[in-house]
Amino acid sequence: MPELPEVETIKRELEKTVLGKKITGVKINNSKVIKQPGTASFVKNIKNARINNILRKGKLLILELSSGKSLAVHLRMTGQLVYPGDCKRSRVSFKLSGNKWLDFNDSRLLGELRLLGDWRQLKFVKNLGPEPFDLTLDEFKHMLAGRKTKIKPLLMDQTFISGVGNLYAAEALFRAKIHPGRPARSLSGKDKARLFRAVIVVLREAIKYKGSSLDQYVQLSNKPGDYVKYHKVYARAGKPCLICKTPVKRTTLGGRGTYFCPQCQK
DNA sequence: AATGGGACCTGCGCGC
DNA sequence: TGCGCGCAGGTCCCAT
C-alpha cells in the first residue's frame, strides 16, 4: 500500500537510474491501467521522449518528458515500478535507452497511468492538500480547528494533507497517543503538536528505511522496504501493545481497518 | 460539512 | 483437497 514514503523512495531511485533516459518502446500487456489517452495515442506520444524530470505530489509520481507531456503514475494498492524489469508480470513496460525495461506491475489493476500535457491540471493534483513537510505547526493547528471529522480519516484525506494513508495514519496516532476516533477539533494544543511531530517523524523514518513492504510494495530495485520492523500498531490486532501490553484493537473507521491501543491512545 | 456506502480489482487466507 | 467467501485500502462518486 504505497503511501508518501514508498512513492518518495521510488522517486529517488528513479532519479538515480532512469532520469535522462529515452523511452524507446512500450509494451502493453493490459491497457486497463492506461486511463488517458487511448492506447494507440499513449504509445505514439510517449515514444522517443526523454525523461527530463521526476516529481512526487502526495502519492502521485510524475515523469516530465522532453515532449512537453508528462507521465503520471499512481500505484494505488498494488502498483509497483521495477527497474530493470523483466516484463513478465508487468501490465505496461517501458523500454529505455540502454535496452533495459521499466516495468509497471499491478496485480489488482487499480493503478493508473496517464499521459497528459499539464499534470497540474489533473483534478487529483488540484485538490491535493499540502505536503506534511511543507507545513508549520501553526498551520497544522489551524487546519484542524473546527473540524468535526474523526482525526484518522481526516489525516488520510488527500485534500487535507497529501501522502498519508491508512498505515502511517495509524502509526502516527499511536506515537502521538491519540485515539483515531477523536473529533479533530477536540484535540488540545499539545495533542496537535504531538500529532504533527509524529506524522513528520513517522514519514521521515519510513523514507529512511525505504518504505513498508507488508503487502506488495517493493522498491524500484524490486527489494522490499525495511520499515515494517519499526511498525508499532498497524496489523497487530490482538498482540500486546509495545508500551503497555494491552492487546491492540482493530476497528473500522471510515470503512478502513484501524489499529490502536485502547489504553495508550486517548 | 460529514458520513456511509458502493465501485473498481485480484489474490490471499479462512472455514467448512 | 477444493470451494466460496470476506477482506485488503486509494480514490472517486453518489446519497443522505
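By convention in this document, chain letters (A, B, ...) are assigned in the order of the sequence lines, proteins followed by strands, and residues within each chain are numbered from 1. Just so we're clear, the structure is a prediction, and the values are computed from it rather than from any experiment.
- Screening Val82(A), Val92(A), Asp103(A) for a side-chain contact (heavy atoms from CB on, under 4.5 Å) with Cys87(A), the sole residue that qualifies is Asp103(A).
- In this structure, Phe160(A) atom CZ and dA1(B) atom P are separated by 14 Å, rounded to whole Å.
- Between dT11(C) and dC12(B), the distance separating the two P atoms is 23 Å to the nearest Å.
- Look at CE on Met77(A): it is 18 Å from P on dA7(B), rounded to the nearest Å.
- Taking 4.0 angstrom as the limit, Ser107(A) places none of its side-chain polar atoms (N or O) nearer than this to OP1 or OP2 of dG11(B).
- Across dG10(C) and dG13(B), the matching C1' atoms stand 22 Å from one another, rounded to whole Å.
- Using a 4.0 Å cut-off between charged side-chain N and carboxylate O, Arg120(A) and Glu64(A) make a salt bridge.
- Side-chain contact, Asn29(A) with Ser90(A): a donor N or O sits under 3.5 Å from an acceptor N or O.
- With rounding to whole Å, Leu75(A) atom CG is found 18 Å from dT10(B) atom P.
- Across all strands shown, Glu3(A) has heavy atoms under 4.0 Å from sugar-phosphate atoms exclusively, and none from any base.
- What separates CG of Leu253(A) from P of dG4(B) is a distance of 9 Å, to the nearest Å.
- Lys148(A) has its NZ atom 13 Å from the P atom of dG4(B), to the nearest Å.
- Residue-level contact check: Glu112(A) touches neither bases nor backbone, having no heavy atom under 4.0 Å from any strand.
- You'll find the side chain of Asp191(A) stays beyond 4.5 Å of the side chain of Ile151(A), heavy atoms only.
- For dC9(B) and dC3(C), the P atoms lie 25 Å apart once the distance is rounded to whole Å.
- Along DNA chain C, read 5' to 3', the first and last nucleotides having any atom under 4.0 Å from a heavy atom of chain A are dA8(C) to dC13(C).
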* Dot-bracket for DNA chain B: what is it, with Watson-Crick or G-U pairs under 3.5 Å, [ ] where a pair crosses earlier ones, and | for a pair to another strand? -> .|||||||.|||||||

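- When each of Arg147(A) and Gln216(A) is assigned the nucleotide of DNA chain B with its nearest heavy atom, Arg147(A) is the one assigned upstream, toward the 5' end.
- The nearest whole Å value for the distance from the NZ atom in Lys32(A) to the P atom in dA7(B) is 15 Å.
- Cation-pi check for Lys57(A) over Trp119(A) is not met; the charged atom does not lie both under 6.0 angstrom from the ring centroid and within 45 degrees of its normal.
- Under the 3.5 Å distance criterion, the side-chain polar atoms of Arg175(A) are left unmatched by any main-chain donor or acceptor of Lys177(A).
- Toward the 5′ end of DNA chain C lies the nearest nucleotide of Arg250(A), the other residue of the pair Val164(A) and Arg250(A) mapping further downstream.
- Here dC9(B) presents its C1' atom at 11 Å from CG of Asn30(A), a figure rounded to the nearest Å.
- Ion pairing between Arg56(A) and Glu8(A) holds under the 4.0 Å rule for side-chain N and carboxylate O.
- Defined by atom type and a distance below 3.5 Å, a donor-acceptor pair is missing between the side-chain atoms of Glu3(A) and Tyr217(A).
- Atom C1' of nucleotide dC9(B) and atom CZ of Phe104(A) are separated by 12 Å, given to the nearest angstrom.
- At the heavy-atom level, Gly257(A) lies under 4.0 Å from the strands shown only through sugar-phosphate atoms.
- Arg76(A) has no side-chain polar atom (N or O) that falls below the 4.0 Å cut-off from OP1 or OP2 of dC8(B).
- Under the 6.0 Å distance and 45° angle rule, Arg197(A) does not count as a cation-pi partner of Phe140(A).
- Across all strands shown, Leu109(A) has heavy atoms under 4.0 Å from sugar-phosphate atoms exclusively, and none from any base.
- The aromatic rings of Tyr227(A) and Tyr209(A) sit parallel to each other, their planes meeting at less than 30°, with 60° as the upper class boundary.
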